[in-house]
Amino acid sequence: MPRWVLALLRWFNTHRRAMPWRDAPSPYAVWISEMMLQQTQVETVIPYFDRFIARFPDVATLAEADQDAVLKLWEGLGYYSRARSLHRAAQAIVGQHKGLVPDRYETLLTLPGIGPYTAAAIASIAFDQATPSVDGNVLRVMSRFRGMRVDIKAAGVADDIRSYLSKRIPRSSPGDFNQALMELGALVCRPKNALCEQCPLRPSCKAAQQHAVSEIPLKVARAKVPHVDVLALVVLHRGRYLLVKRKETKMLGGLWEFPGGKREPGETLAAAAARTCREASGVTVVPVKKLGILNHAYSHFKITLHVFEAARTGGRIRGGGDYSSCEWVQPLALAQRAMPITARRVVNRWLRS
DNA sequence: AAATCGGGGTT
DNA sequence: AACCCAGATTT
């Protein structure tokens with residue numbers, strides 16, 4: 001075993017953060033936590049994890065739940081395909097794996113939402129399989145450690161590091177080894193302002209030796225994200241609000257929001273309001289009053305959401321565009337619907353006073 | 001290989 | 001405002 005591996009494990013023993021899924025690490029808890037942790041910081045996940053485990057304590061409970069209930073507990077966490085995949089995987093585990101989370105890397109890979117990172121994390125942490133889990137932290141830590149002046153998002157880099165680590169991951173505590181590398185990336189070998197003087201890997205770190213820690217990994221310019229104006233219509237009719245449900249295959253799939261859509265070039269806000277509401281829900285409206293605007297940034301575009309109060313003039317509810325279905329919902333029932341953060345903010349800002 | 005898919009924390 | 005986060009899936 002290389003000397004740095006032992007130094008890393010010793011460091012982890014004294015610096016590991018407390019996390020609820022580390023208290024009683026059942027395979028189910030490890031799986032749920034790893035799904036939530038994809039592209040999401042530890043501190044953000046903790047309250048979601050606690051609520052999720054309390055509501056869905058085991059695989060069978062999750063498999064039997066309605067997707068709406070699963071999405072509701074995911075509300076605000078983002079990347080909602082993770083929740084839909086998690087739900088489908090639970091049903092696959094019940095139907096094809098006797099209700100037990102698979103213990104082999106290759107089997108885990110066959111489940112929805114589980115890729116190379118998550119399969120390795122579950123296999124190592126829950127089942128002591130010596131498979132390296134390579135996430136963004138590990139890519140940064142190891143690219144620095146080995147002095148790799150590369151774009152860590154480029155093809156083949158993860159495979160290279162996975163291969164490198166597979167020859168060095170200890171058979172005795174592979175889960176701790178994987179978690180230690182990630183913990184080190186989060187606490188010490190940070191993207192900016194790395195704390196090299198605290199690092200157990202410093203004696204062998206190529207980037208530290210070359211005074212190049214701030215230059216590795218290579219930073220690559222990102223494409224600028226476009227901006228679009230989006231309409232949202234708050235339609236109150238006979239004491240109920242009009243909501244539309246987004247198609248599963250679309251962004252924010254399975255979530256409920258106020259009808260609306262993108263404004264086309266040259267289109268007035270009022271015209272766009274009427275058109276997008278009709279196309280999304282089948283209900284025709286006239287905007288009555290502008291409630292306000294919300295700005296929001298997604299991964300690959302930014303929006304300004306123009307929120308209008310509108311009055312129904314005709315039409316009947318139906319799905320359309322990005323939307324699969326449509327309902328009139330009582331005000332008190334709005335809280336139970338899983339909504340994207342923008343729609344939830346509309347409720348909290350303009351429907352509560 | 002590149003694009004898609006959220007929301008929030010950090011700098 | 002840019003970058004990043006215990007990535008996976010689709011195009």
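Remember, predicted model here, so these are calculated numbers, not experimental data. Keep in mind that the numbers below use all heavy atoms, side chains included, and drop hydrogens, waters and symmetry copies.
Across the P atoms, C/dC3 and B/dA3 are found 16 Å apart, a figure rounded to whole Å. If you take atom C1' in B/dG9 and the same atom in C/dA8, they sit 22 Å apart, rounded to whole Å. As rounded to the nearest Å, B/dG6 and C/dC4 have C1' atoms that lie 13 Å from one another. Nucleotides B/dT4 and C/dA6 are separated by 24 Å at their P atoms, to the nearest Å. For the P atom pair drawn from B/dG8 and C/dT9, the interatomic distance equals 24 Å after rounding to whole Å.
In this structure, A/L37 places its CG atom 12 Å from P of C/dA8, rounding to the nearest Å. A/D135 has its CG atom 8 Å from the P atom of C/dC5, to the nearest Å. A/N193 places its CG atom 13 Å from the P atom of C/dC4, with the value rounded to the nearest Å. Between the CZ atom of A/R140 and the C1' atom of C/dC4 there is a distance of 8 Å, given to the nearest Å. One atom, CD of A/E34, and another, P of C/dA6, lie 11 Å apart when rounded to the nearest Å. Between A/R222 atom CZ and C/dA1 atom C1' the separation is 12 Å, expressed in whole Å. A straight line from CE of A/M182 to C1' of C/dA6 spans 4 Å, rounded to a whole angstrom. Between A/L108 atom CG and C/dG7 atom P the separation is 17 Å, expressed in whole Å.
Contact of the A/F52 side chain with the A/L77 side chain is not registered, since no non-hydrogen atoms from C-beta on lie closer than 4.5 Å.
Applying the side chain to side chain donor-acceptor pair (under 3.5 Å) rule to pairs touching residues 58-68 of chain A yields A/D58-A/T61, A/Q67-A/E248, A/D68-A/K245, sequence neighbours excluded. A side chain to side chain donor-acceptor pair (under 3.5 Å) check over residues 107-122 of chain A, counting only residues at least two apart or in different chains, returns the pairs A/E34-A/Y117, A/Q38-A/T118, A/R104-A/T107.
Annotation: salt bridge (Lys or Arg N to Asp or Glu O under 4.0 Å) contacts of A/D159 (sequence neighbours excluded): A/R162. Not a single ring pair (Phe, Tyr, Trp, His ring centres under 6.0 Å) links A/H97 to another residue, sequence neighbours left out. Shown here are the ring pair (Phe, Tyr, Trp, His ring centres under 6.0 Å) partners of A/W21, two or more places apart in sequence or in another chain: A/F49. Here A/F308 pairs with nothing under the ring pair (Phe, Tyr, Trp, His ring centres under 6.0 Å) rule; sequence neighbours left out. Not counting sequence neighbours, A/Y164 has no partner by the ring pair (Phe, Tyr, Trp, His ring centres under 6.0 Å) test. With sequence neighbours left out, the side-chain contact (heavy atoms from CB on, under 4.5 Å) criterion links A/E279 to A/R275.
A heavy-atom distance below 4.0 Å to DNA chain C is reached by these residues of residues 15-31 of chain A, ordered by number: A/R17, A/M19, A/R22. Of all the residues in residues 183-190 of chain A, A/E183 reach under 4.0 Å from DNA chain C with at least one non-hydrogen atom. Proximity of residues 143-174 of chain A to DNA chain C (heavy atom under 4.0 angstrom from any strand atom) is not detected for any residue.
When the options A/E183, A/R190, A/M182, A/M142 are evaluated for a side chain to side chain contact (heavy atoms under 4.5 Å, CB included) with A/N137, the one that passes is A/M182.
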Expected string for nucleotides 3-10 of chain B under the B/S/- scheme (protein heavy atoms, under 4.0 Å, primed atoms plus P, OP1, OP2 as sugar-phosphate) is -SBBBSS-

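Ranked by how close their nearest DNA chain C nucleotide is to the 5' end, A/K224 and A/L109 are led by A/K224.
Contacts of A/T118 with the nucleic acid, taken as non-hydrogen atoms under 4.0 Å apart, involve only primed sugar atoms and P, OP1 or OP2.
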